[in-house]
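What follows is one structure encoded as structure tokens, with my remarks underneath.
Side chains are part of it too, since the values below use all heavy atoms of this structure and drop only hydrogens, waters and symmetry mates. Worth saying up front: this structure is predicted, and the values here are computed from it rather than measured.
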Amino acid sequence: MKNILKKGNIEIGIYSKGAELFSYKVDGEEFMWEANPEIWGASSPILFPFVGTIKGQKYFYDGKEYIITTRHGFVRTEEFELIERTENALKFKFSSNEETLKKYPFEFDLYITYTIDKDTLEVKYNVVNRTSGKMYFSIGAHPAFALKVNNEISLDDYYLELEKDEKVRRVSLMENGLAIRKDSADYFLDGEDRIDINTNVFNEDAIIFENIKSKKVAIKCKKNSKKLEMDFEGFPFIAFWSKPKAPFICLEPWYGITDFEDTAGNLENKKGIEELDINGEFTAKFKIKAEL
């Protein structure tokens with residue numbers, strides 16, 4: 001089911017399946033990727049309870065092995081319930097069930113709230129632990145924003161601009177989607193705030209940074225004043241990704257990260273894992289703002 005909300009000059013569309021944002025329009029201009037299945041058939045999947053790949057499609061918790069064959073968790077294909085609608089917000093809910101407990105041994109409620117606040121769209125995640133012990137999880141966003149390409153504008157005209165100059169190494173990914181630890185002295189950014197979105201920048205998969213100084217990033221174009229800015233304050237990881245030569249780019253704030261190649265597979269020790277006590281609640285949010 002499609003859920004449409006309009007407030008002021010902003011209009012959003014969210015599917016009940018996965019509570020996925022599929023449309024974000026400002027003054028009628030669409031900023032979301034069209035989810036063309038021939039290139040990449042998603043627009044903004046929610047990554048929960050894992051981000052990225054689980055090594056060997058299995059992990060261990062409390063002495064038991066669990067099998068999970070999907071990447072980025074499983075809620076992106078689940079049906080959410082729209083539990084609240086106001087003049088400027090839509091709130092969705094998904095809860096654990098008999099099937100999720102077979103691959104993820106925790107009872108939980110997951111709430112996703114989309115709020116239009118003047119010229120900004122806020123996306124908020126709430127995770128509530130309903131199990132009888134601690135809960136371990138990761139959560140992340142994966143929105144894909146369209147890059148308009150035509151006879152006058154090419155991919156090479158687009159770039160990412162970070163809030164601050166950064167001196168940072170990227171987390172490298174292997175072909176199997178696992179991260180690898182490198183002792184390289186090379187910095188991906190060395191006192192710079194800009195990443196050019198050329199046709200080769202994603203040849204080695206996603207660009208992942210951990211704990212950078214910047215809390216905002218903007219997609220900009222050399223040929224016009226149009227831009228989209230994301231505020232991801234609080235998220236320890238930020239990733240940028242696209243299919244090589246595809247006319248979109250994903251801005252991905254994460255609490256958590258794909259498994260590292262040398263992981264032993266114990267959930268409690270997973271890099272970036274979040275922990276909740278009984279009845280504990282976790283909240284995270286990011287904001288996007290587009291200008292023409």
Side-chain angles (χ1 to χ4, degrees), residues 5-14 21-36 39-40 42-44 88 114-124 140-166 168 170 188-189 191-202 206-209 212-235 237-254 285-292:
L5 180 67
K6 190 175 190 305
K7 179 69 173 177
N9 67 331
I10 296 177
E11 181 181 297
I12 59 174
I14 297 101
L21 178 71
F22 69 86
S23 178
Y24 169 57
K25 294 178 181 178
V26 177
D27 292 326
E29 179 87 6
E30 180 64 76
F31 281 82
M32 298 304 296
W33 162 243
E34 65 188 31
N36 182 345
I39 301 175
W40 188 60
S43 57
S44 184
N88 70 325
Y114 296 91
T115 303
I116 300 172
D117 183 9
K118 297 180 181 177
D119 59 355
T120 300
L121 174 61
E122 178 189 273
V123 184
K124 184 168 69 173
H142 202 313
F145 300 104
L147 304 177
K148 188 168 288 187
V149 176
N150 53 39
N151 291 335
E152 298 178 356
I153 300 175
S154 69
L155 279 181
D156 290 343
D157 291 318
Y158 288 95
Y159 61 97
L160 296 174
E161 185 177 85
L162 290 160
E163 179 186 26
K164 298 179 180 180
D165 291 340
E166 300 286 348
V168 62
R170 70 187 290 184
F188 186 85
L189 295 176
E192 304 156 293
D193 66 355
R194 177 166 162 161
I195 301 172
D196 290 318
I197 307 175
N198 55 51
T199 54
N200 302 314
V201 69
F202 297 111
I207 299 166
I208 305 170
F209 298 140
I212 62 174
K213 296 181 296 182
S214 298
K215 306 305 177 187
K216 295 180 181 179
V217 63
I219 304 170
K220 293 187 174 183
C221 180
K222 303 171 189 175
K223 297 286 183 67
N224 56 45
S225 60
K226 182 179 174 180
K227 75 171 184 176
L228 181 138
E229 183 180 77
M230 173 183 282
D231 182 333
F232 57 93
E233 184 174 2
F235 286 82
F237 298 93
I238 183 72
F240 310 116
W241 175 81
S242 183
K243 291 277 190 179
K245 303 180 182 179
F248 70 86
I249 187 165
C250 295
L251 309 181
E252 305 181 39
W254 298 341
K285 63 184 177 182
F286 64 93
K287 299 177 181 180
I288 55 177
K289 177 182 176 181
E291 298 178 9
L292 297 175

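In terms of heavy-atom proximity, Ala141 sits nearest to Trp254 at O-NE1, 3.6 Å. When all heavy atoms of Ile14 and Phe22 are compared, the pair lying nearest together is N-CE2, 3.3 Å. Nearest approach of Leu21 to Ser43, heavy atoms of both residues: O-OG, 2.8 Å. Taking all atoms of both residues into account, the shortest heavy-atom contact from Glu291 to Phe31 is O-CZ, 4.3 Å. Of all heavy-atom pairs spanning Asp196 and Arg194, the tightest one is OD1-NE, 3.0 Å. Nearest heavy atom pair, residue Leu292 against residue Ser225, reads O-OG, 3.9 Å.
Side-chain atoms of Glu30 come within 3.5 Å of backbone atoms of Tyr24 as a donor-acceptor pair (strictly under, hydrogens ignored). Here the side chain of Trp33 pairs a donor or acceptor atom with the backbone of Trp40 at under 3.5 angstrom. Looking at Glu163, its side chain does come within 3.5 Å of a backbone N or O of Lys215 through a donor-acceptor pair. A donor-acceptor pair under 3.5 Å links the side-chain atoms of Asn198 to the main chain of Asn200, judged by distance alone. Remark: side-chain polar atoms of Glu166 are paired, donor with acceptor, to backbone N or O of Ser214 under 3.5 angstrom. No donor-acceptor pair closer than 3.5 Å links the side chain of Lys243 to the backbone N or O of Lys245.
Lys222 has no carboxylate O lying under 4.0 Å from a charged side-chain N of Asp157, or vice versa, which leaves the two without a salt bridge.
We find the CD1-OG1 distance between Ile288 and Thr120 to be 9.0 Å, quoted to the nearest 0.5 Å. Rounding to the nearest 0.5 angstrom, the gap separating the CZ atom in Phe188 from the CD1 atom in Ile208 is 11.5 Å. In this structure, CD1 in Ile219 is found 9.0 Å from SG in Cys250, a value given to the nearest 0.5 Å. How far NZ of Lys216 is from CG of Leu251: 14.5 Å, rounded to the nearest 0.5 Å. To the nearest 0.5 Å, the span separating CD1 on Ile195 from CG on Leu162 amounts to 5.5 Å. Atom CD of residue Glu252 and atom OG of residue Ser44 lie 9.5 Å apart, to the nearest 0.5 angstrom.
Under the rule for a ring-ring contact (aromatic ring centres under 6.0 Å, His included), Phe240 has no partner lying at least two apart in sequence or in another chain. Under the salt bridge (Lys or Arg N to Asp or Glu O under 4.0 Å) criterion, Glu122 pairs with Lys285, not counting sequence neighbours.
For the pair Tyr159/Val201, no side-chain contact is recorded, criterion being any heavy-atom separation below 4.5 Å from C-beta on.
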Just list the side-chain donor-acceptor pairs under 3.5 Å for residues 143-153, sequence neighbours left out, or say none.
from	atom 1	to	atom 2	distance (Å)
Lys148	NZ	Glu29	OE2	3.0
Asn150	OD1	Glu152	N	2.8
Asn150	OD1	Ile153	N	2.8

- Message: Is there a side chain to side chain contact (heavy atoms under 4.5 Å, CB included) between Leu160 and Ile197? Walk through the geometry before answering.
- Response: CA-CA 7 Å; Leu160 296 174; Ile197 307 175; 4.0 Å; yes

